[in-house]
Engineer: 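Once you've had a glance at the structure underneath, I'll fire off some questions.
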Amino acid sequence: MPCLFVLRAILLIFPVVCALALTDAGRARAEAQAGLFAPAGARLQGVVLLSRHGLRGPTKATRCDTTLSSGECFDALASRPWPVDVVAGHLLPEGYGRVARLGRFYRTHYAALGLLAGTACPPRHAVAFTADTSERTIVTAGALMDAMFPGCAIPGWSIAADVYKGPACGFDPALAARAAQAMAGGSWAAVAAGELRAPLAAMDAALGPFSDAGCAAHGAAAPCSLASIPVSAETPGPIALATAPSEQFLMQYAAGHPSDRVAWGGLEAAAGRPLPAALTFVNAIHAFYDRAAHMPKYQAVKKGSPVLSLVLDALEATAGDGPALHVFATHDDLILNVAGMLDLTWQLESYQPEQVPPGGAFAFELWRGADGETMVRLVYFAQTLAQMHADAVLSDAAPPAVALLPLPSCGSGADGLCPWPRFRQIATQAIDPACVGTPKRSSP
């Protein structure tokens with residue numbers, strides 16, 4: 001019987017029985033899927049989900065009018081019009097459906113692990129959902145809640161305008177830009193001419209010529225295209241400009257659009273590979289830029305401290321008598337901020353390293369071992385591109401992409417487990433209290 005076929009049945013007892021027979025890719029997948037199982041002898045006490053919103057329309061308008069500069073409009077880039085699916089930045093109907101698929105998976109997956117087992121509505125204060133006032137996070141939280149607990153009244157449901165924001169705490173955009181440049185290797189121009197050269201060329205071919213107004217807005221003389229946009233050591237130029245369209249092409253495909261409606265049908269030829277692989281290929285631009293923009297310690301701490309503080313508070317509540325499940329619907333930049341604070345790395349199937357797919361979530365799981373020790377495990381769940389495109393049903397037998405996220409500073413091993421007191425110390429020391437508002441805790 002093939003090793004991978006039996007691995008799911010024996011992972012709890014013999015997680016490395018087939019290690020020698022697996023390819024590197026198979027081994028990585030098997031180790032990641034260990035995040036679907038309970039650590040030996042442990043009981044799941046609670047989960048905090050930090051979820052990105054689902055599939056959305058472009059955050060920039062797709063039609064120019066007198067209230068928008070050309071730099072704020074996708075149509076200023078490509079001479080061909082972008083589709084108008086929803087109001088700029090709002091969740092797509094398909095986004096709601098894909099998030100609901102994840103919600104049903106979370107309920108059955110965690111019920112199988114002993115958390116909120118059964119199909120009945122949860123006890124009154126057993127679950128909580130939190131969103132900011134962005135339409136896409138509100139509807140994402142609602143989709144998760146509807147799918148996990150259909151027909152149930154959930155009193156622990158809140159929306160707050162600045163729930164993920166704290167004081168400016170001395171944030172300096174110039175310092176953040178220098179930190180991003182440093183994470184990019186010291187020169188954006190070198191990156192554009194090096195590892196991102198081919199993805200940028202594919203995006204240039206897919207986007208085609210810019211409008212005259214688009215050229216002017218981005219410092220290029222008409223006629224121009226993405227390849228004409230200036231780049232230097234200090235300014236990312238075409239890398240920053242291509243990041244949003246590259247991810248929007250991914251969202252078009254993930255929403256189930258036919259191939260001829262994704263990037264106007266030209267991305268396969270531009271990238272020289274089948275459409276799903278072409279999307280992963282050009283999203284190297286988006287993943288690289290967002291990683292450099294949001295994961296350096298300077299901006300990660302300044303902007304991520306309020307978010308990690310909320311997660312830590314929720315875990316502390318779960319360790320006591322608070323909700324067993326707390327879901328935060330948020331944004332990719334804030335998830336990357338938290339990842340930067342904790343030095344997390346990951347690779348999800350069909351995505352680039354450290355990419356934050358729509359609808360995916362960090363799961364902060366709180367486990368109690370047989371010896372009474374409480375431990376934290378971080379697991380990343382996200383639908384693959386193929387699963388989103390097909391609107392596939394998810395289950396433990398057909399799971400989403402999964403990645404275990406060991407904390408380097410905890411010294412947690414392949415099982416990803418970190419003792420709760422140590423995790424709390426790491427998170428507390430990573431948080432800048434001045435960026436959170438009224439400090440709720442002091443460093444241990």
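Just so we're clear, the structure is a prediction, and the values are computed from it rather than from any experiment. Note that these values count all heavy atoms, side chains included, but never hydrogens, waters or copies made by symmetry.
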Engineer: Is it the case that D85 and H90 place a side-chain donor and acceptor less than 3.5 Å from each other?
Structural biologist: no
Engineer: Determine whether the aromatic ring centres of H286 and F288 lie less than 6.0 Å apart.
Structural biologist: no
Engineer: If we count only N and O atoms by modelled type, under 3.5 Å, do the side chains of D146 and Y96 hold a donor and an acceptor together?
Structural biologist: yes
Engineer: When rounded to the nearest 0.5 angstrom, what distance separates NZ in K303 from CZ in F171?
Structural biologist: 4.0 Å
Engineer: Going from CG on L279 to OH on Y351, what distance comes out if it is rounded to the nearest 0.5 angstrom?
Structural biologist: 10.0 Å
Engineer: Do the side-chain N and O atoms of T137 and T140 include a donor-acceptor pair separated by under 3.5 angstrom?
Structural biologist: no
Engineer: Kindly indicate whether a cation-pi arrangement holds for R273 with F281, taking the cut-offs as under 6.0 Å to the six-membered ring centre and within 45° of the axis.
Structural biologist: yes
Engineer: Using the side chain to side chain contact (heavy atoms under 4.5 Å, CB included) rule, take L405 and V379 through it: C-alpha gap first, then chi angles, then the decisive distance, then the call.
Structural biologist: CA-CA 6 Å; L405 306 178; V379 184; over 6 Å; no
Engineer: Would D333 and D290 satisfy side chain to side chain contact (heavy atoms under 4.5 Å, CB included), going step by step from the backbone distance to the final call?
Structural biologist: CA-CA 7 Å; D333 57 337; D290 271 19; over 6 Å; no
Engineer: Using the benzene-type ring in the case of Trp, are the ring centres of F381 and F362 under 6.0 Å apart?
Structural biologist: no
Engineer: As an exercise, state the distance from OG of S395 to CZ of R104, rounded to the nearest 0.5 Å.
Structural biologist: 12.5 Å
Engineer: Evaluate the criterion side chain to side chain contact (heavy atoms under 4.5 Å, CB included) for residue pair S51 and T330; output intermediate values, then yes/no.
Structural biologist: CA-CA 6 Å; S51 173; T330 187; over 6 Å; no
Engineer: Do you see a donor-acceptor pair shorter than 3.5 Å between the side chains of Q248 and R56?
Structural biologist: yes
Engineer: Counting only heavy atoms not in R197, do more than 12 sit closer than 6.0 Å to its CZ atom?
Structural biologist: no
Engineer: Look up atom OH in Y106 and atom CG in L102, then write down how far apart they are to the nearest 0.5 Å.
Structural biologist: 4.5 Å
Engineer: Are L250 and Q355 close enough, and set up right, to give a side chain to side chain contact (heavy atoms under 4.5 Å, CB included), and what steps lead you there?
Structural biologist: CA-CA 12 Å; L250 182 149; Q355 188 167 357; 3.8 Å; yes
